[in-house]
Amino acid sequence: MQTVIAPICKNRNGDISDAENYRPVSLATIISKLFEHYILSCISPLLATTDNQFGFKPKHGTDMYIFTYTDCVLLCKQRYPSVFCFLDASEAFDKTNHNLLFARLIKHNVLMCIIVGLVQVTDQCK
């Protein structure tokens with residue numbers, strides 16, 4: 001039950017000498033894959049996900065995500081036609097001064113419900 005870990009380049013146009021530009025991929029044996037499949041089949045009924053999760057979930061594909069995303073964008077544009085933006089902070093949570101970020105969002109009159117949502121996401125990522 002040995003596994004070989006191979007590095008895969010994330011960004012081929014990036015710095016290939018930077019270790020952060022690689023992600024590990026495990027090349028497992030057939031027996032290991034069968035064992036993982038068995039364990040997953042045993043614990044999957046115990047794992048809870050939200051309706052907002054589309055990836056790595058049975059019977060949920062990108063077409064459902066694209067439909068939901070498009071519907072959400074159209075709804076938000078109808079309610080708030082003058083302002084619309086996306087904030088991808090998925091890799092910034094551990095590198096950002098959250099107090100400063102939230103203070104600046106408040107200073108720029110960002111809706112409080114959005115700031116509260118970001119605070120909740122930040123707390124979950126810690």
Side-chain angles (χ1 to χ4, degrees):
M1 303 255 311
Q2 293 183 352
T3 301
V4 175
I5 299 175
I8 302 293
C9 188
K10 292 180 188 177
N11 181 3
R12 294 175 192 224
N13 296 329
D15 184 8
I16 59 171
S17 64
D18 183 14
E20 294 291 321
N21 195 23
Y22 291 89
R23 63 181 175 90
V25 173
S26 298
L27 306 173
T29 63
I30 297 295
I31 293 173
S32 176
K33 289 180 183 182
L34 289 172
F35 184 63
E36 288 174 11
H37 184 70
Y38 171 74
I39 289 177
L40 181 61
S41 67
C42 291
I43 66 169
S44 62
L46 306 173
L47 301 175
T49 61
T50 68
D51 291 335
N52 297 329
Q53 179 180 345
F54 294 96
F56 306 104
K57 189 174 180 181
K59 299 180 184 175
H60 286 74
T62 55
D63 53 342
M64 293 176 72
Y65 169 74
I66 291 170
F67 172 77
T68 305
Y69 169 78
T70 305
D71 197 39
C72 180
V73 168
L74 293 174
L75 181 66
C76 289
K77 283 178 72 175
Q78 288 173 356
R79 290 188 180 174
Y80 309 103
S82 61
V83 178
F84 201 85
C85 75
F86 290 97
L87 175 64
D88 180 10
S90 58
E91 293 188 22
F93 279 119
D94 57 344
K95 301 174 186 172
T96 302
N97 180 337
H98 300 117
N99 294 331
L100 180 63
L101 172 66
F102 299 136
R104 286 188 181 173
L105 290 172
I106 291 169
K107 179 182 174 186
H108 290 287
N109 297 322
V110 173
L111 294 173
M112 194 54 68
C113 62
I114 294 173
I115 296 172
V116 170
L118 284 172
V119 170
Q120 291 172 351
V121 169
T122 303
D123 290 341
Q124 291 174 0
C125 290
K126 289 182 178 177

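Numbers here simply count residues along the sequence, with the first being 1.
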Looking only at non-hydrogen atoms, find the nearest pair between Pro24 and Ile5 and report the distance. CB-CG2, 3.7 Å
Quick check: closest heavy atoms across Glu20 and Lys10, and the distance to 0.1 Å? O-NZ, 3.4 Å
Please report the closest heavy-atom contact between Asn21 and Gly14, naming both atoms and the distance. ND2-C, 3.9 Å
If you measure from NZ on Lys33 to CG on Leu27, what distance do you get to the nearest 0.5 Å? 7.5 Å
Working to the nearest 0.5 Å, report the span between NE2 of His37 and SG of Cys42. 10.0 Å
Intermediate values then yes/no, side chain to side chain contact (heavy atoms under 4.5 Å, CB included), Asp71 and Leu75: CA-CA 6 Å; Asp71 197 39; Leu75 181 66; 5.7 Å; no
Applying side chain to side chain donor-acceptor pair (under 3.5 Å) to Asp15 and not counting sequence neighbours gives Ser17
Side-chain heavy atoms under 4.5 Å apart, restricted to Ile/Leu/Val/Met/Phe/Trp/Tyr: what other residues fall into the cluster of Ile16, or is it alone? Tyr22
Taken to the nearest 0.5 Å, the spacing of Ile39 CD1 from Leu34 CG works out to 11.5 Å
